[in-house]
Colleague: 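Dropping a structure here in structure tokens format, bear with me for questions.
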Amino acid sequence: MDNSTELKPLQQELNLAVLNGEEISFSADDLYIPPNALKIFLESFEGPLDLLLYFIRKQNLDIVDINVLEITNQYVRYIDLMEKIQFDLAGEYLVMAAYLTEIKSRMMLPKENDSEDEEEDPRSELIRRLQEYERYKTVSKSLDAIPRAGRDFYLASSALPEFESTRDLPEVDLDQLSNVFAELVQRQKLSASHIIEFEKLSTREKMSYILDLLIKEKNIEFHKLCDSKEGKIGIIVNFLALLELAKDSLIRIIQSKDFGIINLSSKDEVH
Amino acid sequence: MELENILESLYFSASRPISTSEVLKILDDPAYNLDAIKNAISNLQKKYQDSSFELVKVASGHRFRIKQKYSPWISKLWSEKPQKYSRALLETLSLIAYKQPITRGEIEEVRGVSVSSQIIRTLLDRSWVKVVGHRDVPGRPALLATTKEFLDDLNISKLSQLPELPEIGSIPAEAQMNLLEETQDNA
Amino acid sequence: MELENILESLYFSASRPISTSEVLKILDDPAYNLDAIKNAISNLQKKYQDSSFELVKVASGHRFRIKQKYSPWISKLWSEKPQKYSRALLETLSLIAYKQPITRGEIEEVRGVSVSSQIIRTLLDRSWVKVVGHRDVPGRPALLATTKEFLDDLNISKLSQLPELPEIGSIPAEAQMNLLEETQDNA
């Protein structure tokens, strides 16, 4: 973990972010933050409750002692600033602003002197929510710190011997596969031009075939790839696959003289 | 001796934890009862004390894992860096873990922001979370709970081994500031 | 002793054979030369003589393998595998089939969530997918492609016989899998 941008919690001045190599800071009294830094500032919060918690904790206050008037003013000022620089603010921030303003106005109303109907502190719901959120926010950090398989430790397994499977493995059928793929594409909102066509797929198949062949034989001559049964189309598909592979720098193509033999070799040293 | 080897071969070949009841079913031999298996497990634990791996008990059974001190070398084998999860995902996961079963709406209520489908999908996909039913309210929202795989991945055997949820009011202010610090480092 | 443990941890975690040259690269320490590694390998071979697994040399390096005599139990273990593949596996497989050769990172990009090693391993174990090379970018990620066995199992003779991408919206509702429900089935 990189702690180079360490913050001292009780320090007056807070280094919020490093922007273009320049440290952006602001103090509790001076609310001016350069617009770009403000964006970064807000993006580092998980929503309005998180931002409010920050305001409270920055002033080293207990949640139950919050001064709603001050917090509301501070919060609303941020929201206004964000709107001014046309930062696309999540709706939740605006809802919270309205909620805070409501609490503020309820607190400013004169209290009815009716002891029978003791009205609840208008802040209590907000305080309850802040406390509740803080618990999970804190525990999520502990959860992340627990050593995790694949990140902090690894599992041990070894290769299997030959064995007879007594039961069939799960099956997959063609329609299922293409439907899953279609849904994936739909989810990604890929444009129509990404629709897989016949030619493209055969090219992809050839690409795999050539790469696989190059694992076994270090060098192949191009004409040996072509099957006379596949005809001219076959040669073209092979050639397209070759170009695709070269474009991705997955293979090396060498042709020592014009119209000479085209040699393909693997660029892969691991295998 | 032979029982230990059979157990060992099962644990190494499964690539998932195996429970003692599953072992009993596979052995299918009255000569091997639960006590014999438990005994063999404890022998295996002793046997490999000084090696790079250890037999551990997790939620869905036993498995071999490589001791954490060897992770630096192993991580070099993998070209991809392990997934680092966002604060939003971790907060969502915490709510599911500690308040399960819970609906997405209920998570949003506590967090004060909407939970993206992406986060739920990642958790379902990782098999850390599953749908265990639907709340009987309009829209019948799915009730989410954590899975055994989640506990397995954290190398614990039950939910109660998770860190304790802090009591209200017991969180020091510094802890809050540290959280913010973290986020900035990761940004 | 320590070198043996490091080697051991590498072989047990890799789920593929590892060559001595790869080991040297990972160790990256002049104290460990080729002779030291060869010596450690031969010690490991002796050390586990009487256990259920053995360190074997194959074409691309060394790996631990379960001894043949334990196959009856392992086949029983594997016969209890879940009946259905997860949504995550099917998506991964469909991406490998339609967009091969493709790296794990590229699959993750389209899916928007990470692909577990477990899924890749299942596909490799099933011989539906193989590594056909490495992309020439940092980390040299493996390029995955489908195999002949995959085509055989789907009863087609070439990839171009895979269904063309169905028009969006033309997928019958019952074929569209609701992610939430689906995951529940597989859990």
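Letters A, B, ... are given to chains in the order of the sequence lines, protein chains preceding strands, and every chain is numbered from 1.
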Colleague: Looking at A:Ser158, A:Ala159, A:Gly91, A:Pro161, which has the largest count of heavy-atom pairs under 4.5 Å with chain B?
Modeller: A:Ser158
Colleague: Parallel, tilted or perpendicular: which fits the ring planes of B:Phe53 and B:Tyr48, with parallel below 30° and perpendicular above 60°?
Modeller: tilted
Colleague: With a 4.5 angstrom heavy-atom cut-off, could you sort out which part of A:Leu155 is near chain B: side chain, backbone, both or neither?
Modeller: both
Colleague: Would you say that B:Thr92 contacts B:Arg111 through its side chain, given a criterion of any heavy-atom pair below 4.5 Å between the two side chains?
Modeller: yes
Colleague: Hey, what's the ring geometry for A:Tyr75 with A:Tyr93, parallel, tilted or perpendicular (30° and 60° as the breaks)?
Modeller: parallel
Colleague: Is there any salt bridge (Lys or Arg N to Asp or Glu O under 4.0 Å) pair reaching into residues 60-74 of chain B, and which pairs are they, with sequence neighbours excluded?
Modeller: B:Glu54-B:Arg65
Colleague: Top residue by heavy-atom pair count (under 4.5 Å) with chain B, among A:Pro147, A:Ser142, A:Pro48?
Modeller: A:Pro147
Colleague: Given that the side chain runs from C-beta out, which part of B:Glu109 has a heavy atom under 4.5 Å from chain A: side chain, backbone, both or neither?
Modeller: backbone
Colleague: Do B:Arg126 and B:Glu149 meet the salt-bridge criterion of a basic N to acidic O distance under 4.0 Å?
Modeller: no
Colleague: Is B:Ser86 close to chain A through its backbone or its side chain, or both, or neither, when contacts mean heavy atoms under 4.5 Å?
Modeller: neither
Colleague: With a strict 4.5 Å heavy-atom criterion, list every residue of residues 154-163 of chain B that contacts chain A, or say none.
Modeller: B:Leu154, B:Asn155, B:Leu162, B:Pro163
Colleague: Pairs of donor and acceptor atoms involving the side chains of residues 28-36 of chain B, under 3.5 Å and at least two apart or interchain, shall be tabulated with distances.
Modeller:
{"residue": "B:Asp29", "atom": "OD1", "partner": "B:Ala31", "partner atom": "N", "Å": "2.8"}
{"residue": "B:Asn33", "atom": "OD1", "partner": "B:Asp35", "partner atom": "N", "Å": "3.3"}
{"residue": "B:Asn33", "atom": "OD1", "partner": "B:Ala36", "partner atom": "N", "Å": "2.9"}

Colleague: Could you work out, with salt bridge (Lys or Arg N to Asp or Glu O under 4.0 Å) as the rule, every residue matching A:Lys247, not counting sequence neighbours?
Modeller: A:Glu244
Colleague: Is any side-chain N of the basic residue among B:Arg87 and B:Glu91 closer than 4.0 Å to the acidic one's carboxylate O?
Modeller: yes
